[in-house]
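Worksheet: the structure to be examined is printed underneath.
Bear in mind the structure is a predicted one, so any value in this text is a computation, not a measurement.
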Amino acid sequence: MKVFDPLIETVAVTKIYDLGGNRVVAVDSVSIKIDRGDHVAIMGPSGSGKSTFMNLLGCLDRPTHGALIVDGADVTQFTIDQLASFRSRTIGFVFQQFNLMARMNAVDNVALPLIYQGVPAPERRERARDALAAMALDDRFDHLPAQMSGGQQQRVAIARALVGNPRLILADEPTGALDSETSRDVLDRLDGLQARGITLVTVTHDPRVADRARRIVDFFDGRVVSDNARRALETSAAEQDARAATP
């Protein structure tokens, strides 16, 4: 029997915005659990609440109501400083437009999150180089973003997300700015994160991206309208069969 060990648990999480006197419910009483080491895709049309939900999971915004528990901590009770510290130690982010600093080379871009963790400069550079090498970018250490292809920039962004040894990676349309061949390479590298025990949550419109996930959660009008956990169960069973067949 599978033992559930959630890294993330949301309890009736709701996010309401007041836009010029109009009350907009972006996320409406969502309760889900995401296991450690799982890969979950969040899908839905524009305006469905999926990006707002990712911002809540990433501690970039606070819910209006409800509880958000990440790695055993109810982060809704944290101060702004506590949230920033927790985010830098626990969560890595990968964005569609890479969000690299144009005037920084690859090493400095990847090392940036470690500044907020108080890591000394020599260790920052060493860890950044190791993270880039893991993304097959050891020949791009001194290159600026403008000197790299889109796929290389996204691999730099993945290295930056990983350099702080996070438990959770949040990827927002990670292949949206890439061609199909480069997208496959980036997705293969994201898939490899599970082997390291990292939990991956991907927000996407693309069914081909979502198909990589073990579980697909569909949003509509701020609510979860379907939660396909069958993938996780089938994958788990296949993994168990493979282990049992190994001498």
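Remark: the backbone N or O of A12 is paired with a side-chain donor or acceptor of S31 at under 3.5 angstrom.
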Any chance you could lay out the side chain to side chain contact (heavy atoms under 4.5 Å, CB included) test for R160 and L100, step after step, and finish with the verdict? CA-CA 9 Å; R160 180 186 58 192; L100 301 177; 3.5 Å; yes
In sequence, state the C-alpha distance, the side-chain angles, and the governing distance for R155 and D185, and then conclude on side chain to side chain contact (heavy atoms under 4.5 Å, CB included). CA-CA 9 Å; R155 281 188 279 152; D185 176 64; 3.7 Å; yes
Before giving the answer on side chain to side chain contact (heavy atoms under 4.5 Å, CB included), spell out for I115 and R124 the whole-Å C-alpha distance, their side-chain angles and the decisive distance to 0.1 Å. CA-CA 8 Å; I115 294 175; R124 289 201 303 267; 3.5 Å; yes
Which is it for V203 and F53 under the side chain to side chain contact (heavy atoms under 4.5 Å, CB included) test, yes or no, and what are the steps along the way? CA-CA 9 Å; V203 170; F53 187 66; over 6 Å; no
How far apart are the C-alpha atoms of D221 and R223, what are their side-chain angles, what is the distance that settles it, and do they pass the salt bridge (Lys or Arg N to Asp or Glu O under 4.0 Å) test? CA-CA 6 Å; D221 285 348; R223 292 178 176 268; over 6 Å; no
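For F86, the ring pair (Phe, Tyr, Trp, His ring centres under 6.0 Å) partners two or more places apart in sequence, or in a different chain, are F78.
Separation of atoms CG (L144) and CD (Q153) is listed at 10.0 Å; rounding is to 0.5 Å. Atom CG of residue N55 and atom CZ of residue R62 lie 14.0 Å apart, to the nearest 0.5 angstrom. Rounding to the nearest 0.5 Å gives a distance of 7.5 Å between CD1 of I42 and CZ of R215. With rounding to the nearest 0.5 Å, the separation of OG1 in T199 from CD1 in I8 is 6.5 Å. Rounded to the nearest 0.5 angstrom, H143 NE2 and N109 CG are separated by 13.5 Å. Atom CD1 in I32 sits 5.0 Å away from atom OG1 in T10 (nearest 0.5 Å).
Annotation for V70 and T90: closest pair CG1-CG2, 4.4 Å, computed over non-hydrogen atoms. Nearest heavy atom pair, residue V13 against residue P63, reads CG1-CB, 3.9 Å. Contact record, E173 with H205: OE2-ND1, 2.5 Å, taken as the closest heavy-atom pair. Closest heavy-atom contact between A102 and P145: O-CD, 3.6 Å. When all heavy atoms of T76 and G66 are compared, the pair lying nearest together is CG2-O, 3.9 Å. Across every non-hydrogen atom of A26 and Y17, the tightest pair is CB-CE1, 3.7 Å.
When each of L193, V201, L190, T202 is paired with H39, the side chain to side chain contact (heavy atoms under 4.5 Å, CB included) condition holds for T202 and for no other.
Two residues are said to be in side-chain contact when any heavy atoms from C-beta on lie closer than 4.5 Å; F219 and V224 meet this criterion. Under the 4.5 Å side-chain criterion, counting only non-hydrogen atoms from C-beta, V156 is not in contact with M135. The closest side-chain heavy-atom distance from M54 to K50 is not below 4.5 Å. Counting only heavy atoms from C-beta outward, the side chains of I198 and R167 never approach each other to under 4.5 Å.
Checking D81 against T79 by side-chain atom types alone, no donor-acceptor pair falls below 3.5 Å. Judged by distance alone, the side chains of T182 and D179 do bring a donor and an acceptor atom under 3.5 Å apart.
No salt bridge links D108 with R103; every basic N to acidic carboxylate O contact stays at or beyond 4.0 Å. We find that D28 and K15 are not joined by a salt bridge, their nearest charged nitrogen and carboxylate oxygen being 4.0 Å or further apart. Contact check on R23 versus D18 returns no salt bridge, with no Lys/Arg side-chain nitrogen under 4.0 Å from an Asp/Glu carboxylate oxygen. A salt bridge is defined here as a Lys NZ or Arg NE, NH1 or NH2 lying under 4.0 Å from an Asp or Glu carboxylate O, and D188 with R184 fails to meet this definition. One finds a salt bridge joining R36 and D71 here, because a Lys/Arg side-chain nitrogen approaches an Asp/Glu carboxylate oxygen to under 4.0 Å.
Placement of V11 and V27 in two distinct hydrophobic clusters is found when ILVMFWY residues are connected by side-chain heavy-atom separations under 4.5 Å, directly or transitively. Taking hydrophobic clusters as Ile, Leu, Val, Met, Phe, Trp and Tyr residues chained together by side-chain heavy-atom distances below 4.5 Å, I34 shares a cluster with I91.
I80 CD1: 12 or fewer foreign heavy atoms inside a 6.0 Å radius.
Through side-chain heavy atoms spaced under 4.5 Å, either directly or across other Ile, Leu, Val, Met, Phe, Trp or Tyr residues, F220 is tied to V225.
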